[in-house]
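Take a look at the structure below.
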Amino acid sequence: MARLKQTYPTDGFFGIGIYNNKEQVNLGTLWRSAYILGASFIFTVDSKYKKQGTDVVNAWQKIPLFHYRDMDDLITHLPYDTRLVGVELDDKAMDIIDYQHPFRCVYLLGNEQSGLPSDAISRCHELVKLPGDYSLNVSVAGSIVLYDRLAKQ
């Protein structure tokens with residue numbers, strides 16, 4: 001008897017999170033964008049989340065939020081065979097216009113004041129950057145990355 005191959009509407013998954021978030025409102029906005037644009041989960045590293053009014057669609061009821069103490073904790077809990085993609089204005093980063101998003105990945109954003117620290121950058125499998133010479137608001141940057149992924153499917 002032949003086995004049927006199970007098929008699904010899409011392959012892969014992705015999550016997005018902020019390292020050392022400074023403004024709680026940013027995570028609420030990112031959570032809303034993540035839900036609307038198809039993320040499987042969001043997370044924080046080194047900063048807890050407090051419920052925000054910017055989450056007007058109650059995304060907290062629809063996709064989970066994970067919290068990691070530090071980069072070691074995040075790396076330890078990355079899903080199997082998942083790429084860690086840092087979003088940072090860095091000379092080694094690939095321009096998002098040319099970037100092909102992995103099927104399974106986790107996007108890591110830094111806060112607006114200091115971005116991703118060098119330790120976090122060195123632990124990313126890939127780096128991607130958005131156009132411009134200056135840092136965007138972290139929830140705006142995350143939303144652009146998520147939209148770019150969706151647009152390229």
Side-chain angles (χ1 to χ4, degrees), residues 2-21 23-45 47 49 51-68 71 73-112 115-116 120-153:
R3 286 187 163 176
L4 296 176
K5 182 178 178 185
Q6 183 69 35
T7 59
Y8 299 93
T10 59
D11 289 327
F13 60 87
F14 63 97
I16 190 164
I18 304 173
Y19 183 96
N20 195 21
N21 185 39
E23 299 294 331
Q24 290 297 324
V25 69
N26 287 330
L27 195 62
T29 302
L30 183 62
W31 205 339
R32 179 181 180 185
S33 294
Y35 165 63
I36 291 169
L37 296 172
S40 303
F41 59 91
I42 68 165
F43 64 94
T44 62
V45 177
S47 179
Y49 173 73
K51 187 168 171 28
Q52 297 296 308
T54 54
D55 181 16
V56 298
V57 297
N58 291 326
W60 65 271
Q61 296 175 341
K62 298 166 178 76
I63 63 171
L65 166 78
F66 299 101
H67 173 69
Y68 303 103
M71 281 303 294
D73 194 23
L74 171 63
I75 298 295
T76 298
H77 292 98
L78 277 178
Y80 175 74
D81 195 32
T82 300
R83 308 289 290 172
L84 181 59
V85 179
V87 180
E88 186 64 47
L89 289 171
D90 188 279
D91 292 337
K92 297 175 284 194
M94 177 181 280
D95 193 313
I96 196 161
I97 293 168
D98 302 317
Y99 187 65
Q100 294 300 314
H101 298 267
F103 287 118
R104 293 169 309 285
C105 72
V106 171
Y107 300 101
L108 180 61
L109 303 153
N111 68 50
E112 294 139 0
L116 289 174
I121 289 173
S122 69
R123 299 185 78 183
C124 291
H125 297 107
E126 301 170 19
L127 291 176
V128 65
K129 64 182 171 184
L130 300 175
D133 296 328
Y134 303 100
S135 176
L136 292 167
N137 170 278
V138 68
S139 61
V140 170
S143 297
I144 291 170
V145 170
L146 296 173
Y147 177 79
D148 187 71
R149 180 186 179 93
L150 181 65
K152 290 178 178 173
Q153 286 182 345

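All residue numbers refer to positions in the sequence shown, counting from 1.
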(Q) Rounded at 0.5 Å granularity, tell me how far CG in L108 sits from CD in E88. (A) 9.0 Å

Q) Measuring from I16:CD1 to S40:OG, what's the distance to the nearest 0.5 Å? A) 12.0 Å

**Q.** Reported CG-to-CG distance for the pair N21 and N26, which is rounded to 0.5 angstrom
**A.** 5.5 Å

Q. Can you tell me how far CG of L116 sits from CG of N111, rounded to the nearest 0.5 angstrom?
A. 8.5 Å

Q: Kindly compute the distance separating CD1 (I96) from NZ (K129), expressed to the nearest 0.5 Å.
A: 12.0 Å

Q: May I ask you to decide if the ring planes of F13 and F41 are parallel, tilted or perpendicular, using 30° and 60° as cut-offs?
A: tilted

Q. Is it the case that more than 12 heavy atoms not belonging to F43 sit under 6.0 Å from its CZ atom?
A. yes

Q) Judged by atom type as modelled, is there a donor-acceptor pair below 3.5 Å linking the side chain of E126 to the main-chain atoms of V85? A) no

Q) How far does NE2 of H101 sit from CG of L146, to the nearest 0.5 angstrom? A) 9.0 Å

Q. Looking only at heavy atoms, what is the nearest atom pair of A39 and I63, with distance?
A. O-CG2, 3.6 Å

Q.
Any side-chain to backbone donor/acceptor pair from T82 onto Y80? Under 3.5 Å, distance only.
A. yes

Q) Does any non-hydrogen side-chain atom of Y134 lie less than 4.5 Å from one of L89? A) no

Q | K62, NZ atom: more than 12 neighbouring heavy atoms under 6.0 Å | A | yes

Q: Looking only at non-hydrogen atoms, find the nearest pair between L127 and K92 and report the distance.
A: CD1-CB, 4.4 Å

Q. Do V138 and L30 have side-chain heavy atoms sitting under 4.5 Å apart?
A. no

Q) Considering the options V145, D148, I97, which one meets the side chain to side chain contact (heavy atoms under 4.5 Å, CB included) requirement together with L130? A) V145

Q: Would you sort out whether T44 and I18 count as a side-chain contact (heavy atoms from CB on, under 4.5 Å), showing the intermediate values?
A: CA-CA 5 Å; T44 62; I18 304 173; 5.6 Å; no

Q: May I ask you to decide if P102's main-chain N or O and R149's side chain share a donor-acceptor pair within less than 3.5 Å?
A: yes

Q. Any side-chain donor-acceptor pair under 3.5 Å between S139 and T29?
A. no

Q) Going through the distances and angles, do L74 and L84 end up as a side-chain contact (heavy atoms from CB on, under 4.5 Å)? A) CA-CA 10 Å; L74 171 63; L84 181 59; 4.2 Å; yes

Q.
With a 4.5 Å cut-off on side-chain heavy atoms, are H77 and Y68 touching?
A. yes

